[in-house]
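Just so it is clear: chains get the letters A, B, ... in the order the sequence lines come, proteins before strands, and each one is counted from 1.
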Amino acid sequence: MTTATEATERVGPTSKAARPHPIRDLVIKRSLIGILTLVLVSILIFAATQTLPGNAASAVLLNTATPQRLHALEVQLGLTRPAVEQYWTWLTGVLHGNFGKSLANGQPVSTLIGGRILNSLVLVVLAGAIGTLIGVGLGVLAAARRDSVFDHVLSVTSLGVTALPEFVVAVVLVIFFAAVVIHWFPAVSVFAPGTPPWSNPRELVLPVATLVIVVVPYVFRMMRASMIDALESDYVQMAQLKGVPKWRVLLFHALPNAIAPTIQVIGLTFLYLAGGVVVVEYLFNYPGLGQALVGAVSDRDIPQIQAIVLVLAAFYIAVNILTDVIALAVSPRRRLPRS
Amino acid sequence: MTFSRRDFLKAGLAGSLAVGAGGLLSACGTGNTIKAFTTSTAGKPRYGGTLRAGLTGGSTADTLDPISAITNVDFSRIDNLYEPLIGLTPDAQPMYVLAEEVTPNAKATEWTIRVKQGITFHNGKTLTADDVIYTFQQILNPKTPGSAAAGLASVDAKAMTKLDAYTARIPCSTPFATFAEALAIPGYSDIIPVGFDLAAPAGTGPFKVKSFSPGTQSTFVRYDGYWQSGLPYLDEIVITDYSDQTSQVNALLAGQVDVVNLLSADVISEVQGEGKNILLSAGGGWNPFTMRVDTGTFSDVRIRQAMRLVVDRQQMLDLVFGGFGTVGNDLFGIWAPEYDHSLPQRHQDIDQARSLLKAAGAEDLHVTLVTSDIAQGTVLAAQVFAQQASQAGVTVNVEDVTVDEFYGTNYLKWQFAQDYWFYNFYLPQVSLATLPTASFNETHWDNSRYNSLYAQAIATTDTSLSIELAHEMQQIEYNEGGYIIPFFPPVIDGFGANVGGLVPSKSGLSLGAYDFKNVWLS
Amino acid sequence: MARRPEVIAVLGRAVRTPRGTAGLVIAGLVVLVAVIGPAVAPYSATEFVTAPFARASSVAWLGGDVLGRDVLSRTLDGGWQLLAMAAVATALGVVVGAVLGVMAAYYGGLWDSLIMRAVDVILAFPQLVFALLLVSILGPKIWLIVLAVAISHAPQVARVTRSAALDISERDFVKAMQILGIPGRRIIRRDVLPNLTSVLMVEIGLRLTYSMLVIAGLSFLGFGLQPPAASWGLMINENRVGLIANPWGVLMPAILIALFTIGVNTFTDAVARASLGVGGRATEPEPIALVAREVTG
Amino acid sequence: MTAPSEDIPMTATVEDIPPSTRETGPGTPRLAVEDLRIVMPATRRRPEADVVDEVSFTVQPGRVLGLVGESGSGKTTVALALLGLVKRGLAIGGGKVLIDGRDILALSEHDLQKVRGRSVAYVPQDPGSALNPVLKVGTQLREVFAVHGGDADRLTQVMAEAGLEDPAPILASYPHQLSGGQQQRVALAMAFACRPQLIVLDEPTTGLDVTTQRRVLDTVRGLCHTYQVAAVYISHDLSVVAEIADHVAVMYAGRLIEIGAASELFATPAHPYTRGLMRAIPLMATSHELHGMAGAPPRPGNRPAGCSFRPRCEFAIAECESGEPQPVVVSDTGHAARCVRATEITALSGTALLARDRTVPAAAEPVLTISRVSVSYTNKPVLRDVNLDVGARKSVAIVGTSGSGKTTLARCVVGLHKDWTGTITFAGSQLPPGVRGRTPDQLRKIQFVAQNPYASLNPRQTIGQIIGNPLTHFTKLPARERDKRIGDVLTSVALRESFAARYPDELSGGERQRVALARALVVDPELLVCDEITSALDVSVQAAIVELLLRLQAERGLALLFITHNLPLVRSIADDVTVISAGQICEHGPVTQVLTAPKEAYTRQLIADVPSFEQTG
């Protein structure tokens with residue numbers, strides 16, 4: 001059954017200069033939208049924290065909160081000013097790079113969460129990279145040996161693991177590798193503030209392992225699916241019919257095509273990690289952004305909440321843009337339009 | 001005084017399995033005993049070493065300012081940086097620390113305080129009366145009142161004068177016989193030098209600040225110029241904040257920290273099973289149920305009495321604290337000399353409770369108990385109370401709110417709720433909680449006879465008279481009070497076999513009220 | 001509407017596959033436990049029957065919880081509420097998401113960019129963090145947890161439905177209807193929506209799994225359901241302290257939640273494969289590829 | 001048969017590649033396929049089913065064998081088997097494929113790799129998807145040399161031979177940046193790179209327009225002749241095979257039902273199916289009634305007893321049912337067919353085509369007038385100043401290569417495309433551009449049938465509901481009356497009324513297109529716009545649809561606007577024809593005049609390039 005495809009007669013590729021630069025345009029456009037989103041996010045959070053019954057003052061004073069002390073602290077912290085004014089001073093502050101002072105202890109927010117950004121980043125990047133490598137590797141192998149025992153075992157276990165909550169995985173790891181069965185790795189990370197997380201790599205093992213276990217199934221299933229699509233494509237059949245050896249078909253013909261859709265999923269796993277890290281940091285007492293956020297929320301420390309969520313949102317937007325750029329770079333068809 | 005700010009993340013996940021650890025000892029004798037509490041095997045005191053403390057309850061809102069210290073963990077730093085005029089012994093009795101003499105005039109309207117000589121602050125300045133006056137002015141500053149402001153309200157801050165370099169006269173607008181006792185309460189009289197700057201905190205305590213990042217970690221080093229010669233033994237203290245008990249216990253068992261605080265009874269067997277020690281103190285802190293006596297259901301005294309008879313105090317202690325701690329008799333200030341031990345211990349009496357309720361026309365009573373994770377075991381106690389009350393036909397709907405909502409605008413207005421207090425002497429506690437003028441009168445208790453008795457007691461320096469007056473006050477409270485005080489919770493801490501010098505403290509603060517100057521590492 | 005409703009056909013085919021039956025049986029068992037549990041529980045959920053964290057014994061088959069209540073009874077009693085919450089959150093999230101997605105796809109232009117920008121804003125921070133913020137600020141009330149989880153689902157569903165609806169709106173049979181001048185609303189109802197059922201069914205499965213994970217995660221951090229509710233989420237949080245003395249207080253609810261999510265996940269996988277048969281798509285894209293957009297938990 | 005001159009070096013210099021390793025004596029065929037059998041292995045649910053069976057043929061060096069068959073006949077499966085490749089889910093059931101006497105089916109995976117691309121090469125059907133989209137064209141070409149040996153100047157030489165004059169920019173670009181013709185030439189270069197002994201071409205020119213197709217066919221013939229390469233050319237289009245093949249083999253339902261010299265087979269077909277095919281193919285020379293074949297070929301696994309073609313065969317007799325017919329030789333040149341009545345059928349005089357009497361209707365007043373219509377898309381003109389009239393009861397064809405703007409014009413008429421200038425008047429009144437402004441009457445009277453039958457029916461509705469949609473929209477008929485109208489229109493498109501309860505995915509391509517037609521006709525339109533409605537169908541199915549369309553046009557007095565790129569089809573279906581090129585009408589007039597004596601050079605070239613088997617031999 002043949003279909004009349006639109007095969008137009010055309011001259012070869014036009015010269016480089018004439019063509020618009022797709023990647024540069026994409027980045028500019030997306031960054032602008034990103035900034036707009038960030039502002040919207042900050043407004044959303046500010047509005048949310050305004051509606052709460054308690055406020056930063058009662059969270060600090062707790063049961064020593066006599067009405068006078070409460071009022072005195074509120075005035076001191078500027079909580080009595082109208083919401084819009086509070087937001088505006090905060091926004092102008094941020095534009096000058098000053099994230100304001102924490103309501104809980106008066107220290108500048110940037111120092112409070114500065115170190116933590118690095119700590120969380122190390123966790124997320126490490127887990128993301130390892131998870132991706134394993135996920136892609138297993139995905140390729142499973143697709144190459146499709147419907148074999150290896151493939152079925154991996155597929156079913158990946159289905160199971162995607163269903164496990166992070167803390168169940170974390171608890172099991174702690175019981176087996178840290179506290180009970182064997183004492184290989186510390187159950188908790190205790191590196192002092194200021195010292196970089198890699199100063200004691202053994203403390204990173206379990207938190208990263210938890211995140212990797214939670215992330216690998218997603219990358220694996222996507223990679224396996226797109227590899228299967230690629231292996232069933234015409235260009236792979238053509239390569240086989242050209243006498244290209246099996247391994248070369250897999251790595252040079254199928255893999256480059258299978259990567260593009262998987263990049264979206266890899267990008268999404270980094271975003272997932274940004275969320276998943278909260279539970280892991282809490283359980284392993286890892287001084288990251290997630291732990292700080294849980295604390296800041298309980299202390300009603302609005303400036304700290306704003307700063308952390310903005311960092312997370314900025315990370316989210318950056319990863320999204322990066323994913324699209326890589327996806328574009330990897331697929332020439334989208335990068336170099338036909339005419 | 002609350003126990004810990006972030007308790008609602010409290011329920012920790014104990015990670016390690018102690019093979020063979022039996023269930024917990026409980027009064028109804030399920031038979032599996034636990035090892036006797038081992039005193040440390042650390043031998044003779046030895047100088048040097050770094051004590052690594054893993055403490056929960058900390059947050060970014062922690063502070064080194066003794067004037068506004070609030071949580072248990074704040075005191076772990078403050079008790080080592082600063083020293084009070086009068087402190088508490090491990091048995092929670094007052095003892096002179098910086099003060100050499102604290103004496104009232106006949107009518108207890110004026111106090112003279114003389115401090116010891118030769119004591120220096122960390123910034124080299126020597127301790128003088130000026131510092132004492134400066135400290136009280138900071139506490140009573142109307143713009144930024146300190147935590148102790150309510151307790152020292154009757155002190156006339158403006159009229160304080162210096163008699164000589166080391167003595168100060170403290171006049172009081174109203175008779176204040178219990179001034180000395182009040183000063184002994186943690187955080188009431190930690191002396192700070194004139195011109196105290198929080199950025200470079202200086203106190204007279206055994207340790208100086210090296211680094212402090214709230215919510216994560218703080219380090220303190222030995223103060224060589226400490227006035228008590230030969231102390232402290234340790235070179236350095238490192239306090240790391242933990243978000244929950246599980247990671248804390250894991251760290252202790254993995255040897256990553258030496259001491260941990262605020263453990264729940266459930267992990268005792270596990271900690272001991274792994275060869276670590278438990279420090280058990282019979283704390284004086286108390287966790288009352290508060291009924292408002294002025295309006296609503298509990299304005300009828302018969303209903304209040306019925307609610308007090310519904311509680312099975314021993315079972316509550318067994319279920320929530322594993323049987324440790326002390327059974328309460330609806331009265332506070334258990335270690336205070338004025339505490340009336342002769343009043344009969346109240347027990348659960350469902351039939352009498354039912355008849356009282358019937359008399360008050362409240363057979364099928366529905367009440368809402370507002371609880372929050374403000375201290376260890378609070379929410380669990382509320383659930384146990386609800387279950388026990390159902391036996392008397394009273395339906396208690398437990399409403400658990402977030403900590404900041406609990407202490408928000410409705411704090412001190414709840415009909416039926418709970419609270420947590422550190423240990424305090426009897427009369428000072430009355431001035432804080434059960435007088436119409438008290439700042440924290442959760443029960444809105446206002447009994448004219450009770451008030452006049454207090455006025456007399458506060459005005460007399462004759463301790464035997466004040467005890468007699470206090471006993472009558474407690475009689476009134478015992479019969480008509482708005483508090484249900486079923487127990488005084490235990491304080492459970494853990495420490496490694498290499499830690500010596502830790503002594504249980506009845507003050508309700510962990511790790512021997514954080515008195516680390518007597519602690520050493522083998 | 002079509003006499004042979006799409007949903008029945010696909011579900012029928014999915015159940016016949018080995019993966020489908022396995023998933024259904026596992027999830028079904030858990031639902032059964034949750035539904036008939038309260039009726040067969042040996043004790044009431046709040047009764048003190050043994051010592052706190054007492055070992056499993058004849059008195060309490062799974063031992064005691066933090067207050068010495070019977071873990072078995074609380075497990076039997078604590079399931080239905082969690083499942084109901086997850087189901088409502090999923091339903092709410094999927095319905096709102098689907099409507100927004102289809103509107104954005106079919107009407108395009110202003111609608112499209114408006115909805116998609118709003119989706120970006122909510123997606124700007126991960127699901128768990130979003131739910132955490134909302135719940136912890138306004139207090140852990142049940143309706144709020146459901147709302148928070150539903151709101152965090154809607155954008156993901158909107159995005160997936162939008163791309164599927166876009167693909168369908170381009171197809172010739174929709175154009176054939178447009179040529180006749182049939183109004184947009186009718187075309188959406190009769191032509192676009194029925195063709196989305198397979199995508200939506202996969203979404204429902206995935207959303208249900210994520211709802212359980214997020215709610216369990218929230219209770220683990222202490223923001224989940226509060227004491228009066230004897231629920232699995234709360235049990236996990238409450239009994240973690242005594243995991244050593246009596247692990248069942250945590251393990252039993254965790255296992256049931258995991259089993260439920262594994263069951264739903266496997267069944268959704270079968271549904272996704274079954275739905276490929278209808279609608280003539282030749283290649284066998286892994287269902288995750290169908291919904292590659294939203295992986296974020 | 002002189003093809004227009006093409007600057008291909010006919011006489012190539014002797015190559016430095018050593019001829020194939022094994023010297024073959026005269027007479028041994030370059031390719032010999034003996035009793036090839038390919039099956040779907042048995043599974044729990046169903047027994048083993050044969051997809052291809054008892055296929056045997058030989059090809060001499062320098063000769064081209066055309067392998068013809070409709071979709072599902074197994075021709076592609078045989079083609080791939082010639083390279084030892086079997087798709088997932090199939091397996092070699094038996095038989096041999098001997099290339100220069102060496103059976104490649106017996107080779108190990110490793111040895112097979114050495115053979116593929118070296119001694120036997122493959123030219124894909126759709127080069128656009130057969131070239132790896134993420135690798136540059138140069139990389140993919142050089143890969144053949146990397147695997148099998150050869151060097152740079154070898155590359156430029158083979159590209160020149162394939163007709164790619166200026167190789168540098170092509171090597172540097174990605175496949176999607178090349179035109180269809182260029183992509184196919186790259187595939188040809190890739191195939192001929194190592195001077196293979198056998199080349200297998202799987203419908204290489206299907207996606208190309210007629211002119212490009214002509215050039216590619218000439219290239220293939222030139223190269224095969226020059227290097228004495230044996231070629232197997234797979235196609236569903238008899239006229240293309242007639243142009244290029246020396247011998248022809250016809251496949252039906254996995255069996256080789258007829259084989260013989262091309263001239264002889266086309267002149268005197270020996271198998272009823274071949275004969276039926278010949279009668280279904282529109283010819284450039286005369287306008288004849290296209291003879292469709294009812295029914296469809298059996299699927300593998302449920303083959304009727306005896307001859308698989310029996311249910312659709314007009315010559316079927318009792319004996320046909322008894323067993324698989326064996327090949328009957330009907331001439332000394334080896335022309336044979338698997339039909340008990342083979343000799344009888346060869347004797348029939350030709351294909352007895354019935355000429356169609358195109359009674360040209362009176363010059364009725366035009367139903368549709370398109371005047372000065374122009375469309376441009378992002379400042380590139382698509383249609384420029386188009387004028388066209390469609391008379392009532394007339395059938396007007398619009399012919400042009402893809403990208404000529406013919407589809408856009410159709411979309412403007414039915415209102416799918418809104419932004420055009422100029423005026424379109426229908427039945428006297430002017431049509432607003434989009435659907436929104438048009439009156440229900442206008443919307444009802446103009447109906448549209450799309451190209452792809454698989455996308456034009458809502459998979460989730462029954463046939464009854466699909467046809468019912470326009471009815472419920474335009475009329476307020478009660479349900480019972482509506483069902484009757486649906487039943488009537490189904491019978492008028494030769495489908496049983498019981499189809500109303502079935503779903504689109506249960507129907508074949510031809511049946512679905514009939515449903516689409518029924519949906520258009522149920523509201524009694526006056527103008528039917530058909531956009532390439534048969535190009536997605538097999539030629540036998542196309543014939544049935546065309547005849548049906550013309551019958552309905554005559555019965556209902558419809559005006560027909562037929563868009564196609566297939567010139568011979570225009571001959572059989574249209575009264576007038578408009579040739580459109582690059583958005584402009586370049587010639588318009590009655591079919592009899594435009595197709596026999598074209599005025600414009602473009603039309604003349606177009607007609608010349610159309611492959612047809614009348615000119616064979």
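Two residues are said to be in side-chain contact when any heavy atoms from C-beta on lie closer than 4.5 Å; C:Met177 and D:Asn469 meet this criterion.
Closest approach of C:Asp172 to D:Ala450, counting heavy atoms only: OD2-CB, 3.6 Å. Nearest approach of C:Leu180 to D:His473, heavy atoms of both residues: O-NE2, 3.2 Å. When every heavy atom of C:Ile179 is checked against every heavy atom of D:Phe448, the shortest pair comes out as CD1-CD2, 3.7 Å. C:Asn195 and D:Pro459 make their closest contact through OD1-CG, 3.4 Å (heavy atoms, listed as atom of the first residue, atom of the second, distance). Residues C:Pro194 and D:Arg460 approach most closely at O-NE, 3.5 Å, considering heavy atoms.
For D:Arg519, the part lying near chain C is the side chain, with the backbone staying farther off; criterion is any non-hydrogen pair under 4.5 Å. Interface remark: D:Leu457 contributes backbone atoms only to the contact with chain C (heavy atom separation under 4.5 Å).
Between the side chains of D:Asn458 and C:Arg190, not a single donor N or O lies within less than 3.5 Å of an accepting N or O.
The greatest number of non-hydrogen atom pairs below 4.5 Å with chain C, out of D:Leu443, D:Val449, D:Asn452, is found for D:Leu443.
For C:Tyr107, the OH atom counts as densely surrounded, since its 6.0 Å shell holds more than 12 non-hydrogen atoms of other residues, nucleotides or ligands.
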